[in-house]
Trainee: 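Mind having a look at this structure? Questions to follow.
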2 protein chains.
Amino acid sequence: MAESTKQPGGTSRNAPSNGAKGRLISRGDSPAGQPDTRTRLLEAAGPVFAAHGFDGATVREICAAAEVNVAAVGYHFGDKLGLYREVIRGIRDHRERRFPTPNNDAADPRRSLYRIVRTLLSRMLACDESGWETQLLMREMNHPTPVFESMVREFFRPQFERLVEVLRELTQADLPAHRLQQLALSVVGQCLYYRMGSGVVQVLIPHSELRAHFDIDSLSRHITSVMLAATEGGTASSQYDQLDPDQINW
Amino acid sequence: MAESTKQPGGTSRNAPSNGAKGRLISRGDSPAGQPDTRTRLLEAAGPVFAAHGFDGATVREICAAAEVNVAAVGYHFGDKLGLYREVIRGIRDHRERRFPTPNNDAADPRRSLYRIVRTLLSRMLACDESGWETQLLMREMNHPTPVFESMVREFFRPQFERLVEVLRELTQADLPAHRLQQLALSVVGQCLYYRMGSGVVQVLIPHSELRAHFDIDSLSRHITSVMLAATEGGTASSQYDQLDPDQINW
DNA sequence: GGCCGTTTAAAACAATTGTTTGAATCGCGG
DNA sequence: CCGCGATTCAAACAATTGTTTTAAACGGCC
């Protein structure tokens, strides 16, 4: 089984050694019209993976959407998983450009909180061409693969830690770490639910109300106000301690 | 293709007419030892469907777990989807018995809120034999099938409306409907996140903290206190209006 | 015991999956 | 124009899928 002269990089795993290609157009649009086969595959694979998941998506559907032969994925990415990895990597790069993480506002931590909430919601509810990205991330979140753990570490953790810092500024009292983490998770949970449970929300909330009062603006203000009420005035700690098992039991 | 004398209910779709069976044991354990083939299939199918989803699960794996021939699912349930429907129906019945929806506490709406939160969290984080049920519900939530919409209507909507009523009692001011709905969704979102994003949480929160401060008790108190702070004292409306685009802009 | 409907078993079926193959095509350097 | 590597194509491959088929075993009833 001597890997003869057919495929650059060997017939087993690798993509073609893209350093030296026949055509000089390095990787992207061809001047004629349609993009490169490789990029056409990448662009077509994203929505399909988002719609059906990694296992559910078929390379034939992807290749049909890309108008490309089924053997192309094997040639350019080694196998289906190689294509998937590349799609995930592309998402990670694109989102940071599309919705940059907001800077801290040293003057008013309330603004910082609002910005974080709004950025989170914007990323969740984006309905433009990056809508499938969130869908795919949600899929990874529910059925994590080895790809996802590193993504959480590199992508979610920095935002989470900044959120914790903002909440620390907002709560004058010196709350222990786990209380701040709980508050941060409350923020993230509220934001994510409007994406994750969007199907549930659409059934529970009448359509007219939904369009009028459940846009990014309204929801950002709502979630921010909830968290401000929970953090400001020192009520965060007092309310928490009031809820002892003696007072509330059944 | 005259459906001869082989299978009760026809070879195309139906399950065997279970009204008249050969054995008198009506449907369940056989006195000898192992349960009925049908129930053995039902019990084995739940975890497998939860682990791999409807498409991902294979009837062969299910039948192997149930120690049953592959043809049994076709005989007892018509096809794979028939088995799935029956599993979903079983979940719906079992959960209402396992975690009954708490009654309203007319005296103190704060107690009612706490009970609802705790019930929600208990259902989410249940790690006992009903753990796969939540897992399967989550799967349906993220990739809804025709089965799920009716479940939202019959199962989630009543709880949601009661939650709205409790929140209405908690907010003295007469808030519009969409504000109460937003608050209710904030409750649900915070509760669900600890299940949905459990993978994320496990990466973000150190393991020691997680076991010490992120159990059902602590989280119930935390979420309840957040929502009480957001609703009590009339701050719900005032905070919301303070957040106008003029004050917080970027 | 012998019959008969109910249930189970092993095997086979058609369809679809990801992947590979070997030839045809493209595009440039000689 | 020819050659040659990079790329694309149609076809086939082996594996797995849900489902069906055919025959055998079970168990009560005469």
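These values consider heavy atoms only, across backbone and side chains, with no hydrogens, waters or symmetry-generated copies. Since we're looking at a predicted model, the values are computed, not measured. In the text below, chain A, chain B and the rest are named by the order of the sequence lines, each starting its count at 1.
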Trainee: In whole angstrom, what separates B:Asp55's CG from D:dT16's P?
Mentor: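 That distance rounds to 18 Å.
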Trainee: Enter the distance from B:Glu133:CD to B:Ile91:CD1 here, rounded to the nearest 0.5 Å.
Mentor: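 Rounded to the nearest 0.5 Å, the CD-CD1 separation comes out at 5.0 Å.
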Trainee: Does B:His76 put a side-chain nitrogen or oxygen below 4.0 Å from OP1 or OP2 of C:dT8?
Mentor: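 Result: yes.
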Trainee: Side chain of B:Tyr75: nearest nucleotide among D:dT21, C:dT20, C:dT7?
Mentor: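 Shortest atom-to-atom distance from the side chain points to C:dT7.
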Trainee: Let me know the distance between CG of B:Asp36 and C1' of C:dT6, rounded to the nearest Å.
Mentor: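 From B:Asp36 CG to C:dT6 C1': 12 Å.
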Trainee: Without decimals, in angstroms, what is the distance between A:Leu81 CG and C:dT19 C1'?
Mentor: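 To the nearest whole Å, that distance equals 14 Å.
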Trainee: Does the plane of the ring in A:Tyr84 sit parallel, tilted or perpendicular to the ring in A:Phe49? Use 30° and 60° as the thresholds.
Mentor: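 Perpendicular, since the angle between the ring planes exceeds 60°.
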Trainee: Do A:Leu183 and A:Leu163 pass the side chain to side chain contact (heavy atoms under 4.5 Å, CB included) test, and can you show the C-alpha distance, the side-chain angles, and the key distance before you say yes or no?
Mentor: CA-CA 9 Å; A:Leu183 288 169; A:Leu163 181 54; over 6 Å; no
Trainee: Using a strict cut-off of less than 4.0 Å between a Lys/Arg side-chain nitrogen and an Asp/Glu carboxylate oxygen, indicate whether B:Arg89 and B:Glu86 qualify as a salt bridge.
Mentor: yes
Trainee: Looking at residues at least two apart in the chain, or sitting in another chain, which of them share a ring-ring contact (aromatic ring centres under 6.0 Å, His included) with B:Phe156?
Mentor: none
Trainee: Tell me whether the OP1 or OP2 atom of D:dT8 has a side-chain N or O from A:Thr37 closer than 4.0 Å.
Mentor: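 For A:Thr37, the contact criterion (side-chain N or O under 4.0 Å from OP1 or OP2 of D:dT8) is met.
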Trainee: Describe the nucleic acid contact of A:Ala72 in one word from base, sugar-phosphate, nothing, applying a heavy-atom distance below 4.0 Å.
Mentor: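 Result for A:Ala72 = nothing.
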Trainee: Starting at NZ of A:Lys80 and ending at P of C:dG18, how long is that distance when rounded to a whole Å?
Mentor: 4 Å
Trainee: Between A:Val59 and A:Ala71, name the one whose nearest nucleotide on DNA chain C is closer to the 5' end.
Mentor: A:Val59
Trainee: Starting from P on D:dT19, measure out to CG on B:Leu83 and report it in whole angstrom.
Mentor: 10 Å
Trainee: Rounded to whole Å, how long is the line connecting atom CZ of B:Arg60 with atom C1' of C:dA11?
Mentor: 11 Å
Trainee: With respect to the side chain of B:Asp79, which nucleotide from D:dT19, D:dG18, D:dT8 is positioned closest?
Mentor: D:dT19
Trainee: Tell me the interatomic distance from B:Asn69, atom CG, to D:dA23, atom P, rounded to whole angstroms.
Mentor: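 One finds 16 Å between P of D:dA23 and CG of B:Asn69, rounded.
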Trainee: Take the protein atom CD1 of A:Ile62 and the nucleotide atom C1' of C:dT19, then report the distance between them rounded to whole Å.
Mentor: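 These atoms are roughly 14 Å apart.
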Trainee: Identify which nucleotide among D:dG18, D:dC9, C:dA11 has an atom closest to any side-chain atom of B:Val70, counting heavy atoms from C-beta outward.
Mentor: C:dA11
